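Worksheet: the structure to be examined is printed underneath.
Computed from a prediction, not measured in an experiment: that's the story for all the values here.
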Amino acid sequence: WSFVSRGVSCGEMGDHQQAIRDFDREIRWDLKDSMSFGWRGRSHAEMVDHKSEIADFNMAIQTKDDVSEYYRYRGDSYREMGYTVESQSD
C-alpha cells in the first residue's frame, strides 16, 4: 500500500507522472488491485490520456465488485472524447 498512498499523494499534488509510476509498481505486485487501476486512470485523465484512462477504468471494473464510481469515471472519459453513446451507457 505504500506505493498506492504515495501515488495518491503525488496525484493530489499534481505530479501525475510520479503517481502513475507508483501505481504501476503496485499493479506489478497485485494485478487485481482495482484501487490502483482506478487511481492510475484518474491520473491519466488529468494528463488527458483518454486511451490509457479508459483501459485502466476497464481493468478496475473487471477486478472489483462495487464498480459504480469507475463506470462514472469511464463515462466521463467517453464524453470528453465525444463518444456520447458509450458515455450514456456507463
Could you go through Asp22 and Arg25, starting from their C-alpha distance and side-chain angles, then the distance that decides it, and tell me whether this counts as salt bridge (charged side-chain N to carboxylate O under 4.0 Å, His left out)?
CA-CA 5 Å; Asp22 288 336; Arg25 289 180 184 147; 3.5 Å; yes
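Of the inter-residue distances, the one linking Ser77 atom OG with Arg72 atom CZ reads 11.0 Å to the nearest 0.5 angstrom. Atoms CZ and CG, from Phe57 and Asp90 in turn, are 10.5 Å apart once rounded to the nearest 0.5 Å.
Within the 4.5 Å cutoff, side-chain heavy atoms of Met81 are placed close to those of Ile54. His44 places a side-chain heavy atom less than 4.5 Å from the side chain of Ile20. Counting only heavy atoms from C-beta outward, the side chains of Met47 and Glu53 never approach each other to under 4.5 Å. Residues Phe23 and Val8 form a side-chain contact, since some pair of their non-hydrogen atoms from C-beta on lies under 4.5 Å apart.
Looking at residues two or more places apart in sequence or on another chain, you find a side-chain contact (heavy atoms from CB on, under 4.5 Å) between Glu86 and Tyr78, Tyr83. Scored by the side-chain hydrogen bond (donor to acceptor under 3.5 Å, both in side chains) test, Ser89 finds no partners at all (sequence neighbours excluded). For the salt bridge (charged side-chain N to carboxylate O under 4.0 Å, His left out) test, residues two or more places apart in sequence or in another chain that qualify with Glu69 are Lys64. Contacts of Asp76 classified as side-chain hydrogen bond (donor to acceptor under 3.5 Å, both in side chains), with partners at least two apart in sequence or in another chain: Arg79.
Closest approach of Thr63 to Lys32, counting heavy atoms only: CB-O, 3.8 Å. Minimum interatomic distance between Asp56 and Gly41 (heavy atoms only, all atoms of both residues): OD2-N, 3.5 Å.
Other residues sharing the hydrophobic cluster of Met59, ordered by chain and number and joined by side-chain separations under 4.5 Å: Ile27, Leu31, Phe37.
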Distance-only check: which donor-acceptor pairs under 3.5 Å involve side-chain atoms of residues 9-16, not counting sequence neighbours?
from, atom 1, to, atom 2, distance (Å)
Ser9, OG, Ser5, O, 3.1
Asp15, OD1, Gln18, N, 3.2
His16, ND1, Ser43, OG, 3.2

